[in-house]
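These notes are about the structure you will find just below.
Order of appearance sets the numbers: ligands from 1, and atoms from 1 within every ligand. Computation of the quantities below employed the complete heavy-atom set of this structure, encompassing side-chain atoms and omitting hydrogens, waters and symmetry-equivalent molecules. Note that the numbering runs from 1 along the sequence shown for the chain.
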Amino acid sequence: QLSTGFYASSCPGMPGAIKSAVESAVAKEPRMGASILRLFFHDCFVQGCDASLLLDDTPSLQGEKTAQPNNGSVRGFEVIDAVKAAVENLCPGVVSCADVLAVAARDSVVALGGPSWEVKVGRRDSTTASFTGANNNIPPPTSGLANLTALFAAQGLSQKDMVALSGSHTIGQARCTSFRAHIYNESDIDSGFAWTRQSGCPSTSGSGDNNLAPLDLQTPTTFENNYYKNLVAKKGLLHSDQELFNGGVTDPQVQSYVSSQSAFFADFVSGMIKMGDISPLTGNNVLYVDPNSTKYRPTSDEWSEARRREAWAECFWLHCLCSC
Ligand code: HEM
Ligand SMILES: [Ca+2]
């Protein structure tokens, strides 16, 4: 039901507005491109790509922001709000936050030198979130290959998609707490590289936990195939990264991306499109907007439904953009 032309008549300026807002955010801080891409991943793996990640905790709703994989780690919500504001300026009440995030993720990849693709849109925004889903569905950096593969399979994504999408770690940063055990206690790592990373990440848990290191030691603000070159050199920062090249069945796929960036880009794009298709809310599944109208007008029935959902709904409908 998602399609590339969903807003072609209701908001033809949407792609341009998102692109320029993302470009200016990434120009200001290149890491933001990585942070936005990750927001999309963490949204899609919990209830599908429905912007559930963007909802704040309220007295009646436990959101996803404080779940283990997100807490103190996901960032960029204010940029998503700024992008949404730019779109609202053009076409009030038309484009969902879930679609804003999907398009912004693509534009982030492009802004850092990666491939482009047509983003399918038409998603509705969720009115619920899942704290336990965020904890259970998003793989931790301690995952082995089997667990990574299983968690992607649970979302309808193949092992091949998992390896290609992990190439996202060619950009962005990780906290010491995410890679400490890998650089101190494990042997599937280049010793010089482990030594280098140890200098910014104290061995004692609780000290320097939030110190950052680049996921790709060479070019963390350029989207290319360097991530796979690092893996072959045993310079994956996370335990889960190195699992993709550690004598297992995914070694040949990693090798193939080292020799062909275009093969990586093609598989990455197809993985992103599949990830964007994870159980989308469409049609009347939730209250959001009539795609045929340029302005959202809740009917009285919709209002009473929204009222039952209490405080967050108040925020959602009346006060905020996406992240609230
Ligand atoms: C394969 C399983 C994956 C695991 C175990 C994993 C784990 C992680 C961890 C632990 C971090 C660092 C977080 C921190 O320390 O604050 C991270 C960062 C990141 N991840 Fe993943 N990830 C996976 C897949 C993906 C996928 C599929 C994408 C995108 C499609 C992605 C995009 C990113 C990006 C861009 C960053 C850097 C974010 C920033 O700098 O703000 N990851 N990931
Ligand atoms: Ca979601």
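Nearest protein heavy-atom contact of atom 35 (C) of ligand 1 is A34 O, 3.1 Å. Closest protein heavy atom to atom 16 (O) of ligand 1: S73 OG, 2.5 Å. Taking atom 11 (C) of ligand 1 as the reference point, the nearest protein heavy-atom neighbour is R38 NH2, 3.9 Å. For atom 41 (O) of ligand 1, the closest non-hydrogen atom on the protein side is S35 OG, 2.6 Å. Protein heavy atom at the shortest distance from atom 25 (C) of ligand 1 is F41 CE2, 3.2 Å. For atom 9 (C) of ligand 1, the closest heavy atom belonging to the protein is L238 CD1, 3.7 Å. In this structure, the protein non-hydrogen atom closest to atom 12 (C) of ligand 1 is A174 CB, 3.5 Å. For atom 4 (C) of ligand 1, the nearest protein heavy atom (residue, atom name, distance) is P139 O, 3.9 Å.
E23 contributes no side-chain N or O that, together with a main-chain N or O of S108, makes up a donor-acceptor pair within less than 3.5 Å. The backbone N or O of A174 sits nowhere less than 3.5 Å from a side-chain atom of S178 that would complete a donor-acceptor pair. In this structure, the side chain of Q242 engages the main chain of G236 through a donor-acceptor pair within 3.5 Å. For N211 (side chain) and G200 (main-chain N/O), a donor-acceptor pair under 3.5 Å exists by modelled atom type. Side chain of D216 to backbone of N226: no donor-acceptor contact under 3.5 angstrom is found. N136 places a side-chain N or O within donor-acceptor distance of the main-chain N or O of T132, the cut-off being under 3.5 Å. Remark: side-chain polar atoms of T58 are paired, donor with acceptor, to backbone N or O of L61 under 3.5 angstrom.
Once rounded to the nearest 0.5 Å, the distance linking CG of D277 with NZ of K120 reads 3.5 Å. One distance of note links OH of Y184 with CZ of R197; it measures 12.0 Å at 0.5 Å rounding. Taken from CG in L217 to NZ in K229, the straight-line distance is 12.0 Å, to the nearest 0.5 Å.
Remark: ligand 1 and H169 share an N or O pair separated by less than 3.5 Å (distance only, no angle test). Distances between N or O atoms of S143 and those of ligand 1 include no value under 3.5 Å. Considering backbone and side-chain atoms together, S178 places an N or O closer than 3.5 Å to an N or O of ligand 1. Any N or O atom pair closer than 3.5 Å counts here, and S168 shares no such pair with ligand 1. Of the N or O atoms in S166, none lie within a sub-3.5 Å distance of an N or O in ligand 1.
Counting heavy atoms under 4.0 Å from ligand 1, residue V74 does not touch it at all. Counting heavy atoms under 4.0 Å from ligand 1, residue F179 does not touch it at all.
Closest heavy-atom approach to atom 37 (C) of ligand 1 among the candidates L237, D216, L215: L215.
The closest approach between any non-hydrogen atom of P140 and ligand 1 is below 4.0 Å. For F40, the closest heavy-atom approach to ligand 1 does not fall below 4.0 Å.
Listed by number with element, the atoms of ligand 1 under 4.0 Å from a non-hydrogen atom of R31 are 39 (C), 40 (O), 41 (O). Atoms of ligand 1 lying under 4.0 Å from any heavy atom of G172, numbered from 1 in the order shown and given with element: 37 (C), 40 (O). Close approach to L165 involves these atoms of ligand 1, each under 4.0 Å from a residue heavy atom: 26 (C), 27 (C). With ligand atoms numbered from 1 in the order given, ligand 1 contributes 5 (C) to contacts under 4.0 Å with heavy atoms of S240. Counting the atoms of ligand 1 from 1 in the order shown, those under 4.0 Å from a heavy atom of L148 are 1 (C), 2 (C).
Note on ring orientation: taking the six-membered ring where Trp is involved, the planes of F223 and F265 are tilted (angle from 30° to 60°).
Using a cut-off of 4.0 Å between Lys/Arg side-chain N and Asp/Glu carboxylate O, D209 and R180 are scored as salt-bridged. A salt bridge links R123 with D99: the distance from a Lys NZ or Arg NE/NH1/NH2 to an Asp or Glu carboxylate oxygen falls below 4.0 Å. Remark: R75 engages E29 in a salt bridge, criterion side-chain N to carboxylate O under 4.0 Å.
Any protein N/O/S atom under 3.0 Å from the Ca ion (ligand 2) was counted, giving 6 altogether.
The distance between the ring centers of Y228 and F245 does not fall below 6.0 angstrom.
Side-chain contact between H42 and V46 is absent, with no heavy-atom pair separated by less than 4.5 Å. Residues F152 and P139 meet the side-chain proximity criterion, which asks for heavy atoms closer than 4.5 Å.
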